[in-house]
Amino acid sequence: MITKRLFKYIIPATTLTIGILIAIIGFSLGAKNDYIEQLNLTNLESIILAEGVASLDINVDYADLEITASNDITDFEVSAENISRGYLSYSTTNNILNFKYTTNKWYEIISVPKLMENNGKIKIVVPAEISLQDIQIK
């Protein structure tokens with residue numbers, strides 16, 4: 001009698017637990033591909049003219065950022081790996097080079113473990129001969 005009552009609760013609870021685990025695993029495997037496809041991850045190489053630039057304003061939220069100087073170049077060089085072009089913008093206004101890689105919503109940068117193998121990497125090479133008045137990095 002006791003075992004009959006015990007099985008009355010154990011079997012549905014076990015079935016429910018296994019079903020939830022299978023749903024979570026299936027959702028995470030399916031969502032990974034959709035998430036990466038939605039981000040439209042790509043590599044990028046660009047040259048930004050240094051003429052007239054007196055200040056830098058760099059705002060990078062969700063990527064590894066490396067800034068170096070080089071004597072071999074005369075303009076800014078930007079190279080990026082594994083980034084979404086939708087979140088990247090750069091422009092030169094009022095002698096300020098504005099470079100942003102930010103998201104507008106908190107859920108756009110949620111990181112599920114093992115969902116993304118590597119964060120994006122952005123490398124900005126600055127001409128060594130340029131004279132900058134102000135540099136802001138956020």
Side-chain angles (χ1 to χ4, degrees):
M1 186 77 133
I2 294 176
T3 54
K4 192 174 188 180
R5 245 190 230 169
L6 189 61
F7 282 128
K8 183 178 178 181
Y9 296 109
I10 290 178
I11 291 175
T14 305
T15 305
L16 184 64
T17 304
I18 290 172
I20 290 171
L21 288 173
I22 289 172
I24 290 172
I25 291 170
F27 176 74
S28 65
L29 291 176
K32 176 181 179 180
N33 294 333
D34 292 340
Y35 180 71
I36 290 173
E37 184 177 313
Q38 181 261 338
L39 286 176
N40 193 19
L41 298 176
T42 186
N43 296 336
L44 169 79
E45 290 189 12
S46 181
I47 295 175
I48 304 170
L49 297 177
E51 182 179 327
V53 174
S55 299
L56 294 178
D57 183 12
I58 299 172
N59 187 0
V60 176
D61 282 346
Y62 196 63
D64 298 331
L65 177 65
E66 179 183 347
I67 301 174
T68 59
S70 174
N71 291 322
D72 300 334
I73 61 172
T74 58
D75 294 321
F76 294 94
E77 292 184 3
V78 176
S79 62
E81 298 174 5
N82 204 24
I83 63 160
S84 177
R85 285 187 186 215
Y87 304 136
L88 177 69
S89 67
Y90 54 88
S91 64
T92 304
T93 54
N94 297 332
N95 297 332
I96 299 172
L97 173 60
N98 296 305
F99 185 91
K100 293 184 181 182
Y101 185 66
T102 60
T103 58
N104 297 325
K105 308 287 184 190
W106 62 269
Y107 57 81
E108 293 174 331
I109 60 168
I110 288 179
S111 179
V112 178
K114 293 294 182 179
L115 185 62
M116 299 289 291
E117 295 297 323
N118 298 320
N119 282 345
K121 296 178 184 172
I122 299 173
K123 181 178 181 180
I124 301 174
V125 183
V126 179
E129 61 197 36
I130 195 168
S131 177
L132 297 173
Q133 297 172 355
D134 186 29
I135 299 174
Q136 294 183 8
I137 302 174
K138 299 174 191 172

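The figures here come from the full heavy-atom set of this structure, side chains too, leaving out hydrogens, waters and symmetry mates.
- At least one donor-acceptor pair under 3.5 Å links the side chain of Tyr101 to the backbone N or O of Ser84.
- When hydrophobic clusters are built by joining Ile, Leu, Val, Met, Phe, Trp and Tyr residues whose side-chain heavy atoms come closer than 4.5 Å, directly or via intermediates, Val78 is not grouped with Leu49.
- The shortest distance between side-chain heavy atoms of Asn98 and Thr92 does not fall below 4.5 Å.
- With sequence neighbours left out, Ala50 forms a side chain to side chain contact (heavy atoms under 4.5 Å, CB included) with Asp75, Phe76, Pro127, Ile130.
- Evaluation of the side chain to side chain contact (heavy atoms under 4.5 Å, CB included) rule for Ser89 yields Lys100 as partners, not counting sequence neighbours.
- Environment of CG in Asp134: crowded, with over 12 heavy atoms of neighbouring residues, nucleotides or ligands closer than 6.0 Å.
- A heavy-atom distance below 4.5 Å is not found between the side chains of Leu16 and Thr14.
- Considering every non-hydrogen atom in both Ile137 and Ile135, the closest pair reads CG1-CG2, 4.0 Å.
- Within the 4.5 Å cutoff, no side-chain heavy atoms of Ile96 are placed close to those of Val53.
- Residues Ile48 and Ile124 have side chains not in contact (no heavy-atom distance under 4.5 Å, counting atoms from C-beta outward).
- Ile18 belongs to a hydrophobic cluster with Ile22, counting contacts under 4.5 Å between side-chain heavy atoms of Ile, Leu, Val, Met, Phe, Trp and Tyr, direct or through other members.
- Counting only residues at least two apart or on different chains, the side chain to side chain donor-acceptor pair (under 3.5 Å) pairs with a member in residues 46-60 are Ser46-Tyr90.
- Using a 4.5 Å cut-off between side-chain heavy atoms of Ile, Leu, Val, Met, Phe, Trp and Tyr, Ile73 falls into a hydrophobic cluster with Val125.
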With side chain to side chain contact (heavy atoms under 4.5 Å, CB included) as the criterion, how do Leu44 and Arg85 come out once you've worked through the C-alpha distance, each side chain's angles and the decisive distance to 0.1 Å?
CA-CA 8 Å; Leu44 169 79; Arg85 285 187 186 215; 3.6 Å; yes
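- Looking at heavy atoms from C-beta onward, Gln136 lies out of side-chain contact with Leu56 at the 4.5 angstrom threshold.
- Residues Asp64 and Ile122 have side chains not in contact (no heavy-atom distance under 4.5 Å, counting atoms from C-beta outward).
- When the side chain to side chain contact (heavy atoms under 4.5 Å, CB included) test is applied to Ala69, the partners found at least two apart in sequence or on another chain are Ala128.
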Lys121 and Asn82: CA distance, side-chain angles, deciding distance, side chain to side chain contact (heavy atoms under 4.5 Å, CB included) verdict:
CA-CA 7 Å; Lys121 296 178 184 172; Asn82 204 24; over 6 Å; no
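- At least one side-chain heavy atom of Ile83 sits less than 4.5 Å from a side-chain heavy atom of Leu88.
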